[in-house]
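See below for the structure under consideration.
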Number of protein chains: 2
Amino acid sequence: MSCSLDILGDRWTLLVVRDLMLGRSRFKDFVASPEGIPTNILSDRLERLVTNGIAEQVPLADGAKRFGYRLTDKGRALRPVLESVRDWGLAWEPGTRVLMKPGDA
Amino acid sequence: MSCSLDILGDRWTLLVVRDLMLGRSRFKDFVASPEGIPTNILSDRLERLVTNGIAEQVPLADGAKRFGYRLTDKGRALRPVLESVRDWGLAWEPGTRVLMKPGDA
DNA sequence: AATCATCGCTTGCAAAATGAAAGCAAAATA
DNA sequence: TATTTTGCTTTCATTTTGCAAGCGATGATT
């Protein structure tokens, strides 16, 4: 648990993972999410996700020079964590709404 | 998710919840956990857990003047979160060991 | 081809959170 | 009563956060 929380234990990391799980892959998409992550934090979190093997960089389109981000298997394995956090919020925190639906990506 | 992470999204909160789930209730017990939480942080986290309705204070023994902490229903509802985080760590982070076993408390 | 807007960051800086250590009064223990 | 333990609080240096501005490279437009 402690090791997991060294990686996941902050306000932003799991939100980025959620966006990745929803299929978003580009910097601007993460920035556009309703929570409004600061760009320097996003840079740092993406870098950490990559170094921790949770996400990886991929070329965006054929021959494009930009890159996007995508979850690895290790990253996709976080789905139960995201779902349990979401479900707990829905059940116990009033005014919580769903951004990630059960069947996504 | 964002609302949940406002409460749970840091390195220590879920570790304290885990200790509570294991039945620990006293300040010194949380301090004695192997992760070594600083006492000022522990104070702050216990206070937040109480104000967020995840834990509550209870008299320790009959007529004692000390108080301990205990999970509320809302706090106990975090079990799936703890378990999914633990399971992910076990599966994907090498060198992770189990402190909280499936059948506890 | 030239211009312009967008993208994916980085930098600077103030404010907040963290962590180590020491201190301390009330409670428990001897 | 004397001593130790407990449950914190305080202090302060360091790190992290968050906002804003800036900036070169890419992509789109004309």
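Naming: A, B, ... by sequence-line order, numbering from 1 per chain. Since the model is a prediction, treat every value here as computed from it, not as a measurement.
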### Task
Between B/Asp29 and B/Asn40, name the one whose nearest nucleotide on DNA chain D is closer to the 5' end.
B/Asp29

### Message
At less than 4.0 Å, is any side-chain N or O atom of A/Arg45 found next to OP1 or OP2 of D/dT17? Yes or no.
### Response
yes

### Task
Between D/dG18, C/dC9, C/dA22, spot the one nearest the side chain of A/Phe27, thanks.
C/dC9

### Message
Rounded to whole Å, how long is the line connecting atom CG of B/Asp6 with atom P of D/dG18?
### Response
10 Å

### Query
Start at the 5' end of DNA chain D and walk down; is the nucleotide closest to B/Glu47 or to A/Gly36 reached first?
B/Glu47

### Task
Please check if the side chain of A/Ser4 supplies one atom and the backbone of B/Arg86 the other of a donor-acceptor pair under 3.5 Å.
no

### Whole-Å gap separating P (C/dA17) and CG (B/Asp10)
11 Å

#### Entry: Salt-bridge present (B/Arg76, B/Asp73; N to O < 4.0 Å)
yes

### Message
Between B/Lys74 and A/Glu93, does any side-chain N to carboxylate O distance fall below 4.0 Å?
### Response
yes

### Message
If you only use heavy atoms from C-beta on, which nucleotide in D/dT9, C/dC7, D/dT6 is closest to the side chain of B/Arg26?
### Response
D/dT6

### Ion pair B/Arg24/B/Asp29, N-O distance below 4.0 Å
no

### Query
Rounded to the nearest Å, what distance is computed from the CG atom of residue A/Leu60 to the P atom of nucleotide C/dT6?
18 Å

#### Entry: Sugar-phosphate, base or nothing in reach of B/Phe30, heavy atoms under 4.0 Å
nothing

### Short side-chain N/O contact to D/dT9 OP1/OP2 from B/Ser43, under 4.0 Å
yes

### Message
Test your reading of the model: is there a side-chain donor-acceptor pair from A/Thr13 to the backbone of A/Asp10, 3.5 Å cut-off?
### Response
no

### Query
Separation of A/Leu42 atom CG from C/dT10 atom P, in whole Å?
10 Å

#### Entry: Rounded interatomic separation in angstrom, taking CD1 from A/Ile41 and P from D/dT16
10 Å

### Message
For a quick check of understanding: with a heavy-atom distance under 4.0 Å over all strands, which category does B/Asp44 fall into, base, sugar-phosphate or nothing?
### Response
nothing

### Task
Indicate, with a heavy-atom threshold strictly under 4.0 Å, whether A/Arg66 touches base, sugar-phosphate, or nothing.
base

### Summary
Testing C/dT10, D/dG18, D/dC8 for proximity to the side chain of A/Thr39, the answer is C/dT10

### Query
Within less than 4.0 Å of OP1 or OP2 of D/dT17, is there a side-chain N or O belonging to A/Trp12?
no

### Task
Measure from the side-chain N and O atoms of B/Ser25 to the backbone N and O of B/Arg70, and report whether any donor-acceptor pair falls under 3.5 Å.
no

### Task
Measure from the side chain of B/Lys28, starting at C-beta and using heavy atoms only, and say which of D/dG18, D/dG7, D/dT10 lies closest.
D/dG7

### Message
How many whole angstroms separate atom CZ of A/Phe67 from atom P of D/dT26?
### Response
11 Å

### Summary
By nearest-nucleotide position on DNA chain C, the 5'-leaning member of A/Leu46 and B/Pro38 is A/Leu46

### Query
To the nearest Å, how far apart are A/Ile37 CD1 and D/dA20 P?
16 Å

### Task
With the side chain of A/Lys65 defined as its heavy atoms from C-beta on, choose the nearest nucleotide among D/dG27, D/dC19, D/dT17.
D/dG27

### Task
Please state how far atom CZ in A/Arg11 lies from atom C1' in D/dG18, giving the value in whole angstrom units.
10 Å

